[in-house]
There are 2 protein chains.
Amino acid sequence: MNEKDPDQLKLENQLCFPLYACAKEIVRRYKPYLDRIDLTYTQYITMMVLWEERNITVKALGERLYLDSGTLTPLLKKLEGKGYITRERSKEDERSLIVSVTETGDELKSSAADIPFGIGKCVALEPQEAVQLYTLLHKILNGFENEPEK
Amino acid sequence: MNEKDPDQLKLENQLCFPLYACAKEIVRRYKPYLDRIDLTYTQYITMMVLWEERNITVKALGERLYLDSGTLTPLLKKLEGKGYITRERSKEDERSLIVSVTETGDELKSSAADIPFGIGKCVALEPQEAVQLYTLLHKILNGFENEPEK
DNA sequence: ATCAGTTAGATTGTATACAATTTAATTTAG
DNA sequence: CTAAATTAAATTGTATACAATCTAACTGAT
C-alpha cells in the first residue's frame, strides 16, 4: 500500500471509478421510468425533496442535493415551466428564493410511486447488501460534511 | 417493503441518491489534484486505461469506462490537442479508431502518482470498509453486464 | 446610520453525458 | 457476388455539473 505504488493508477484498483460508473449507469436506467412522467433524474430528486418539504429555499435544496445554483437555477426554471413548482422571493429575505410544489407537481408523486421498485430490480444486491452499501455511502457523505473549511 | 410504499419516494430512503451524490462529490475533490496535470476526471480515467493498455479502440475504451462515442469523441480530441494521445484509424478495419498514448502522455503518469493517495484521505472509510464498498459496487456493475439485451 | 463584508441566486463558460441520427466500412444472407 | 443488415465513430441536441464572477440584499461593527 505504498503512496507511490504505480498499481494505484490502474482503473481496476480505483474505488472512485466503480462509484462513478455505478451512479451513472443506475441513473441511466431511471430514464425509461422517468420519461413517462417527463422528468430527468435531477429533476426527480428535486421533486422528491419537494414532495416531502412542500417548500424550500434554493440554498437548502442545494445542501440536500449537493448541487449549486448554477445547476439548480436552470433546472428549477424548467420545472416551473412544466407547472410542477412555483418560484418566489422570500418576504423576509429578498435574497432567498422559495420553491414550492404545485398541485400538478404533487399529483406527479402517485405516478412515480412504482419507480423505486422498478429500479430496485436492476440492482443485483441482496437486501442486506443494499443496507451495507447505503451505510458505507452515508459514512463517506458524512465525512464530507466534517471537512475543514477551505 | 410494499411496492407502493410512499416512503420509498423519500430522498433519504433512496440507494441511488447517495451513490450519485458520493460519486459527484468525490470527483469534485479530484479537481485540485487534476488541475495540476491539466486533466478533468473523465480525461484522467481515460489516461489511466491508456497507461495500462498503451493503445485501444474507442469502442473498447467505451466499454471499459461505460461511455459512448458521444462523450469520448470530443474528449479524445481534447487529449489529442494536449498531445497526450494520438488517434488513427485501424488498418484492418477502417471503422475503428485506435487511440494510443504518446510519450508526453506517458510522462504524465508519474505526475499523477500521488493522486490516489490524496483522494484516499478525503474518503472517511476504514480499509476493510473500502474493500466492502468496492465489492458491492462491482457486484452491481457485474449485474449490469448480465442484463437482457434490450 | 453607514459602509465593509457576507450571503443567496443568477449568469457565464467549459466539460461532460447520453439518446438519436448520420455516415462510412464491413459482414452476411440469399 | 450483391443488397441488406450490422457496426464503429461522429454529429446533433438537450440537460446536467461546477468554478468563477456578478448583482442585489442583508448584517454587523463602529
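Computed from a prediction, not measured in an experiment: that's the story for all the values here. Proteins come first, then strands; the chains are lettered A, B, ... in the order of their sequence lines, and each starts at number 1.
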Side-chain contact check for A:Ser96: nearest option of C:dA15, C:dA8, C:dA24 is C:dA8
When you match B:Glu94 and B:Thr42 each to their closest nucleotide on DNA chain C, which lands nearer the 5' end?
-> B:Thr42
Are any of the side-chain heavy atoms of A:Tyr44 and A:Tyr33 separated by less than 4.5 Å?
-> no
Could you state the atom-to-atom distance from OH of A:Tyr44 to C1' of D:dT16 in whole Å?
-> 18 Å
Would you say a side-chain N or O of A:Tyr20 is under 4.0 Å from OP1 or OP2 of C:dA17?
-> yes
Taking the side chain of B:Lys77 as heavy atoms from C-beta outward, which of D:dT16, D:dA10, D:dA8 is closest to it?
-> D:dA10
Out of curiosity, A:Leu11 CG to B:Glu52 CD, how far, rounded to the nearest 0.5 Å?
-> 7.5 Å
Closest to the B:Lys31 side chain, choosing from C:dC18, C:dG9, D:dA19 = D:dA19
Look at the side-chain N and O atoms of B:Lys59 and state whether any lies under 4.0 Å from the OP1 or OP2 oxygen of D:dA8.
-> yes
Side chain of A:Arg95 (C-beta onward), nearest among C:dT6, D:dA9, D:dT16 | C:dT6
Of all the nucleotides listed (C:dA17, C:dA15, D:dA10), which has the minimum atom distance to the side chain of B:Ser69?
-> D:dA10
Whole-Å distance, A:Leu61 CG to C:dG9 C1', equals 13 Å
Report the distance from atom CD1 of A:Ile45 to atom OG1 of A:Thr40, rounding to the nearest 0.5 Å.
-> 8.5 Å
Taking CG from B:Asp68 and C1' from D:dA10, how many angstroms apart are they, rounded to a whole number?
-> 11 Å
Residue B:Thr73, side-chain atoms from C-beta onward, closest of D:dT11, C:dA10, D:dA15 | D:dT11
Please state how far atom NZ in A:Lys82 lies from atom C1' in D:dA15, giving the value in whole angstrom units.
-> 10 Å
Report all interatomic pairs (protein N or O, nucleotide N or O of nucleotides 1-3 of chain C) with separations under 3.5 Å.
none

Whole-Å distance, A:Leu76 CG to D:dA17 C1', equals 14 Å
A:Arg87 vs C:dA8: side-chain N/O to OP1/OP2 distance below 4.0 Å = no
With the side chain defined as heavy atoms from C-beta on, B:Thr40 is closest, among C:dA15, C:dG9, C:dA17, to C:dA15
Can the positive tip of B:Arg28 be found less than 6.0 Å from the middle of the six-membered ring of A:Phe144, inside 45° of the ring normal?
-> no
Contact check, side chains of B:Trp51 and B:Asp106, non-hydrogen atoms, under 4.5 Å = yes
Establish, with yes or no, whether the OP1 or OP2 oxygen of C:dA10 is under 4.0 angstrom from a side-chain nitrogen or oxygen of A:Arg89.
-> yes
Describe the nucleic acid contact of A:Glu92 in one word from base, sugar-phosphate, nothing, applying a heavy-atom distance below 4.0 Å.
-> sugar-phosphate
B:Lys109 side chain vs A:Leu9 backbone, donor-acceptor pair below 3.5 Å = no
Could you give the CG-to-C1' distance, from A:Leu97 to D:dA24, as a whole number of Å?
-> 14 Å
To the nearest angstrom, how far is A:Asp93 atom CG from D:dT23 atom P?
-> 20 Å
Against the side chain of B:Leu67, the closest entry in C:dT16, C:dC18, C:dT26 is C:dC18
Do B:Ile115 and B:Ile37 have side-chain heavy atoms sitting under 4.5 Å apart?
-> yes
With the side chain defined as heavy atoms from C-beta on, A:Arg28 is closest, among D:dC18, D:dT16, C:dA19, to C:dA19
Only one of A:Lys91, A:Arg95, A:Arg89 forms a side chain to side chain donor-acceptor pair (under 3.5 Å) with A:Asp93, so which one is it?
-> A:Arg95
Kindly say whether B:Glu25 contributes a backbone atom to a donor-acceptor pair with the side chain of B:Arg29 at under 3.5 angstrom?
-> yes
B:Leu75 has an atom CG; how far is it from atom C1' of D:dA9, in whole Å?
-> 14 Å
When B:Glu25 and A:Lys78 are each assigned the nearest nucleotide of DNA chain D, the 5'-most assignment goes to A:Lys78
